[in-house]
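All heavy atoms count here, side chains included; hydrogens, waters and symmetry mates do not.
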Protein chains: 2
Amino acid sequence: MTLDSFDIAILTALQRDGAMTNAALAEQVNLSASQCSRRRAALEQAGVIEGYAARLSAARLGYGLRAVIRVNLSGHGQGREEDFARFVAGHPQIRSAFSVSGDADYILDIRARDLDAFADFIHRHLLPHPQVAQVRSEIVLKTLKDEGGIALR
Amino acid sequence: MTLDSFDIAILTALQRDGAMTNAALAEQVNLSASQCSRRRAALEQAGVIEGYAARLSAARLGYGLRAVIRVNLSGHGQGREEDFARFVAGHPQIRSAFSVSGDADYILDIRARDLDAFADFIHRHLLPHPQVAQVRSEIVLKTLKDEGGIALR
DNA sequence: CCGGAAATGCACGATACTTGCGCCAAAGGA
DNA sequence: TCCTTTGGCGCAAGTATCGTGCATTTCCGG
């Protein structure tokens, strides 16, 4: 699939507002609503648009704390990764988890209601995990930008 | 605004699929479509749902590289933060930026097409910034989980 | 200059959303 | 106990939005 400037405009607009009407989209990208509909369908079909998600307000839901945790695992036994992946999958406080190159083995993006809930997660769940060797936390003080998605040009 | 179990079910479902039809939502949460519509509107009105966003496939768009960068700034002059905030705002490769407690001053979530584009960003943009004192990168090797949003219970 | 494939806009049938309405169940007062 | 009020619910009608067939235009390649 090859993307032209219309597609890029459409994708950019839909990242900002995925509930946009085809008519509004049409106005924004200078195309007819029907063409927007068709291009949208094609982009979804091609898997460029994976889906749509509601963005929720963490503040209004009482989730005041966000943190980035770097984790090192001990040992190198096989099954070590699968084991940690299961741990990640089973803990909804972990919103994102990446295996990374460099100093740490994994980086986790954590959401919690408050510092107590966060400390609880660290001390009752993460640290007791048998393969976790080291944990270093950075708590988010201020969000300068949080766009998710991808910048297209 | 107070949320009951229906609201939580609706929010959870809409985080997974924000383009869901009210009828589908109704079936999933055991409510009528009209009530789903009303509750949805109320949640949007209250700001609990901030909006909707299209999720794009980084892979299909040729954005193969993701990295987490920890940055330390030099000095403590006032205006230092505003300056760095402007830098962040002006660089679309930076998808998220957080000021954090702990070892680093800022954590950045970076997306780039490939290692070259990433290196270019580091050496031509980030490192030359006058207030950047130290930069430590971790490149994402594998994504175990990437949900964004918030887990409700 | 011409032919054809691809893309576009229009119009209309189909689908989904929204809201007025009557109903019901729970809480509180007489 | 009985009545009233209040809030939430489903149904159904009216309205907005979507998706597609079709004729037209645009853009290349020959």
Side-chain angles (χ1 to χ4, degrees), chain A residues 1-63 147-153, chain B residues 1-63 147-153:
Chain A
M1 169 141 207
T2 170
L3 304 181
D4 63 15
S5 65
F6 284 122
D7 291 315
I8 289 178
I10 288 173
L11 291 174
T12 302
L14 289 180
Q15 273 192 295
R16 265 202 313 277
D17 179 7
M20 209 170 211
T21 226
N22 280 324
L25 198 54
E27 192 172 353
Q28 186 151 343
V29 306
N30 281 19
L31 220 58
S32 72
S34 60
Q35 272 315 91
C36 287
S37 175
R38 272 191 273 257
R39 281 170 179 265
R40 238 172 118 153
L43 290 166
E44 288 166 8
Q45 184 62 33
V48 176
I49 297 176
E50 292 179 339
Y52 299 86
R55 284 184 293 108
L56 306 189
S57 163
R60 307 241 173 184
L61 288 164
Y63 282 74
E147 301 195 342
I150 298 159
L152 304 171
R153 54 170 168 71
Chain B
M1 169 140 208
T2 170
L3 304 182
D4 63 16
S5 65
F6 284 122
D7 291 316
I8 289 178
I10 288 173
L11 292 173
T12 302
L14 288 179
Q15 277 194 117
R16 263 203 313 277
D17 179 8
M20 208 172 213
T21 228
N22 280 325
L25 198 54
E27 192 173 351
Q28 186 151 343
V29 307
N30 279 20
L31 221 60
S32 71
S34 60
Q35 271 314 91
C36 287
S37 175
R38 272 189 276 254
R39 281 169 179 265
R40 234 171 121 154
L43 290 165
E44 288 165 9
Q45 185 62 34
V48 175
I49 296 176
E50 293 180 337
Y52 298 86
R55 284 185 293 107
L56 307 188
S57 163
R60 306 240 173 184
L61 288 165
Y63 282 74
E147 302 195 341
I150 299 158
L152 305 170
R153 54 168 170 72

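An OP1 or OP2 oxygen of C:dG9 is reached within less than 4.0 angstrom by no side-chain nitrogen or oxygen of A:Gln35. Contact annotation: A:Thr21 reaches the phosphate of D:dC18 (side-chain N/O to OP1 or OP2, under 4.0 Å). The phosphate of C:dC17 (OP1 or OP2) has no side-chain N or O of B:Ser37 nearer than 4.0 angstrom. For the pair A:Ser32 and C:dT8, the criterion of a side-chain N or O lying under 4.0 Å from OP1 or OP2 is not met. Taking 4.0 angstrom as the limit, B:Arg38 places none of its side-chain polar atoms (N or O) nearer than this to OP1 or OP2 of D:dG10.
In this structure, A:Ile10 places its CD1 atom 13 Å from C1' of C:dT8, rounding to the nearest Å. Atom pair B:Met20:CE and D:dC18:P shows a separation of 19 Å (rounding to whole Å applied). Here C:dA16 presents its P atom at 12 Å from CD of B:Glu27, a figure rounded to the nearest Å. Rounded to a whole Å, the CG atom of A:Asn30 is 14 Å from the C1' atom of C:dG9. The CZ-P distance, from A:Phe6 to C:dT8, rounds to 7 Å in whole Å. The interatomic distance linking B:Gln45 (CD) with C:dT19 (P) rounds to 12 Å, in whole Å. Between the CG atom of B:Leu43 and the P atom of C:dT18 there is a distance of 13 Å, given to the nearest Å. Atom CG of B:Asp4 and atom P of D:dG8 are 9 Å apart (whole Å).
Across all strands shown, B:Arg40 has no heavy atoms under 4.0 Å from either base or sugar-phosphate atoms.
Looking at B:Tyr52, its side chain never comes within 3.5 Å of a backbone N or O of A:Met20 through a donor-acceptor pair. A distance-only check finds no donor-acceptor pair linking the side chain of B:Thr21 to the backbone of B:Ala24 [under 3.5 Å].
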Intermediate values then yes/no, salt bridge (charged side-chain N to carboxylate O under 4.0 Å, His left out), B:Asp4 and B:Arg39: CA-CA 11 Å; B:Asp4 63 16; B:Arg39 281 169 179 265; 3.0 Å; yes
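For B:Ser34, the side-chain atoms get nearest to D:dA12 when compared with the rest of C:dA11, C:dT8, D:dA12. The side chain of B:Asn22 sits closest to C:dT18 out of C:dT18, D:dC9, D:dC11.
B:Ala58 approaches A:Ile150 most closely through the heavy-atom pair CA-CD1, 3.3 Å.
Summarising the local packing, CD of B:Glu27 is surrounded by 12 or fewer heavy atoms from other residues, nucleotides or ligands at distances under 6.0 Å.
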